[in-house]
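Inspection log for the structure reproduced underneath, given as structure tokens.
Quantities reported herein were computed from a predicted structural model and do not represent experimental measurements.
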Amino acid sequence: MRHKHAAWTLALILLMTGWISAAGILSPAFAAGGTNLTIGKTITASGQSQTYTPDNVKDGNASTYWESTNNAFPQWIQVDLGASVSIDQLVLKLPPSWESRTQTLAVQGSANGSTFSNIVGSANYTFNPAVASNAVTIDFTATSTRYVRLSFTANTGWPAAQLSELEIYGAAGATPTPTPTPPPGTYQAESAALSGGAKVNTDHTGYAGTGFVDGYWTQGATTTFTVSVPAAGSRNVTLKYGNANGAARTLSIYVNGAKIRQTTLANLANWDTWGTQTEALNLNAGSNTIAYKYDAGDSANVNLDQIAVDAGTTPTSTPTATPTATPTATPTATPTATPTATPTATPTATPTAPPPPGGNIAIGKPIVASSNTQAFVATNANDDNTATYWEGGGNPSTLTLDFGANQNITSIALKLNPATEWGTRTQTLQVLGHNQSTTTFSNLVSSQTYTFNPASGNTVTIPRDGDGEATATEHHGEYRRACRTDRGVPGVRHAGRQSRPDDYGHVLVAGLADRDRRAHAERDR
């Protein structure tokens, strides 16, 4: 049964501190007369681990990376340049926050993709975050090749080949194809006003203009188009976008500074495929702004190429005047007395039943985060599925859960994926709260260390006041962990009962440390 609640919000904020990979983008180094030839090219590899795909080495985002099959050297990754090109430099990158490691690799070339020879023989290359932000530059005598392959045989940091970006520079690049003139009413994203982390990129094919806009893995990323129309009215505005996350994604639409709605962008086959989404938007005569923003509550992580504004509007019909007929006099009827109505009793409203005691009151409630890493979004933390999880994008990070009404919490259950690859770890947490009429947090459960162990379900339950009773809590929680957060928060569960007049407005769970130094590949490599 669904229950309606009062207007006061109840929220859980999880604040996570710790070691998180920074998403820094390095300025490319250029060989004589060249640009990065990897952009938009086909990438293949001998294998990959989990979701760390070869295409990550051309996305311009240093926090994403390719990782080969583990414990199976030698491994390789290669770029098909599409035609033989003269090249003389490679720049290899790892996430800037990763610790130092040495990888052993050779640079190889091929004209046909099957027979390779060494361009640079096998050598050890040290990636050091203190040197060029974990980047290695390999210079060599200019050589002409179509396929560029890196063959890895060792890595001191992890038993697999790892690469965040593979940049190839040459003495001369291919002549670019002229960009066709867009039709009237078309506005390119790369020419719009970009803010909040939105940026121009060119590492996928099929875009219009000179590039497209990405950076929508950062909450607040915004692309603002300035458009002009001759007359006011409702117009169809069609967004061309990219989304290959495996599921539909959402963004917020603003017109002239006011939020209009959240739009849904369907999943597409791959990142080189573009789709369209059309919205009917009311525009003023003259200049207007149309913005696509990654708001709290959006899932984002998409690319934007352009918008097209229809020339026509939905017309408003002008009524035709109807001649008024000359009225014929109507005799006045003798009125009939109107009886006095008997008043009808107002029925008493039936109150909404409270949620059952001990139930999980977090499932399905609105939940937002201050940031997230890649596709590990806030809604994963209360979807009742421990196979999904939220991961913050920086330190500190907040996760806010809105219960929609004042609730009394008996306990808070924090869950990680119970699978054995999520190794045992300890985290130090503190729970705080505040009344719905205030905004100042106070301590509810003092800081202490909790152990997450897959042998016991990887779940930690925090009772309230030691007796399992939250005597005065409306719940807004915050959770900090000073650790490598490659595994975030798959599940947050609140067991509660009906609220009371002395309940607080918010509860906060603050974590101070994570003792696990063996976090899995995504952050410990």
Would T263 and Y292 count as a side-chain hydrogen bond (donor to acceptor under 3.5 Å, both in side chains) if you check the C-alpha gap in whole Å, the side-chain angles of each, and the deciding distance to 0.1 Å? CA-CA 9 Å; T263 187; Y292 292 82; over 6 Å; no
Applying side chain to side chain contact (heavy atoms under 4.5 Å, CB included), run through Y216 and T223 and close with a yes or a no. CA-CA 10 Å; Y216 276 84; T223 302; 2.8 Å; yes
When you look at W271 and N245, which way does the side chain to side chain contact (heavy atoms under 4.5 Å, CB included) test go after all the steps? CA-CA 9 Å; W271 287 107; N245 288 289; 3.7 Å; yes
Does the side chain to side chain contact (heavy atoms under 4.5 Å, CB included) test come out yes or no for W66 and I77, once each step is laid out? CA-CA 9 Å; W66 164 70; I77 188 168; 3.7 Å; yes
Checking side chain to side chain contact (heavy atoms under 4.5 Å, CB included) for the pair L166/V148: CA distance, chi angles, key distance, verdict? CA-CA 10 Å; L166 168 53; V148 179; 5.7 Å; no
Apply side-chain hydrogen bond (donor to acceptor under 3.5 Å, both in side chains) to N112 and S114, showing your working. CA-CA 6 Å; N112 56 18; S114 58; 3.1 Å; yes
Kindly indicate, with the supporting measurements, whether the criterion side-chain hydrogen bond (donor to acceptor under 3.5 Å, both in side chains) is fulfilled by N201 and Y207. CA-CA 10 Å; N201 209 336; Y207 56 82; over 6 Å; no
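Looking at N134, its side chain does come within 3.5 Å of a backbone N or O of P95 through a donor-acceptor pair. The main-chain N or O of G297 is found under 3.5 Å from a side-chain atom of Q262 such that the two form a donor-acceptor pair. The backbone N or O of L265 sits nowhere less than 3.5 Å from a side-chain atom of R249 that would complete a donor-acceptor pair. Listed for the T426 side chain is no donor-acceptor partner under 3.5 Å among the backbone atoms of Y450. Remark: side-chain polar atoms of T222 are paired, donor with acceptor, to backbone N or O of G220 under 3.5 angstrom.
Take Y241 and apply the ring-ring contact (aromatic ring centres under 6.0 Å, His included) test, not counting sequence neighbours, and it matches no residue. Contacts of S252 classified as side-chain contact (heavy atoms from CB on, under 4.5 Å), with partners at least two apart in sequence or in another chain: Y254, K259, D295, D298.
Annotation: F116 is not in aromatic contact with W76 [ring centroid separation under 6.0 Å not met].
Taking 4.5 Å as the limit, some side-chain heavy atom of D214 sits within range of a side-chain heavy atom of K199. Within the 4.5 Å cutoff, side-chain heavy atoms of F212 are placed close to those of D203.
For the atom pair CG of L105 and OG of S122, the computed distance is 7.0 Å after rounding to the nearest 0.5 Å.
Under the 30°/60° scheme for interplanar angles, the aromatic rings of Y65 and Y52 are found to lie parallel.
Using modelled atom types and a 3.5 Å distance limit, the side chains of Q78 and R149 yield a donor-acceptor pair. Side-chain N/O atoms of S46 and Q75 include a donor and acceptor closer than 3.5 Å. Using a 3.5 Å distance cut-off with no hydrogens or angles, the side chains of S110 and T115 do not pair a donor with an acceptor.
When all heavy atoms of N303 and H204 are compared, the closest pair comes out as ND2-CD2, 3.7 Å.
Screening N155, T153, T156, N124 against T104 for a side-chain hydrogen bond (donor to acceptor under 3.5 Å, both in side chains) leaves a single residue, N124.
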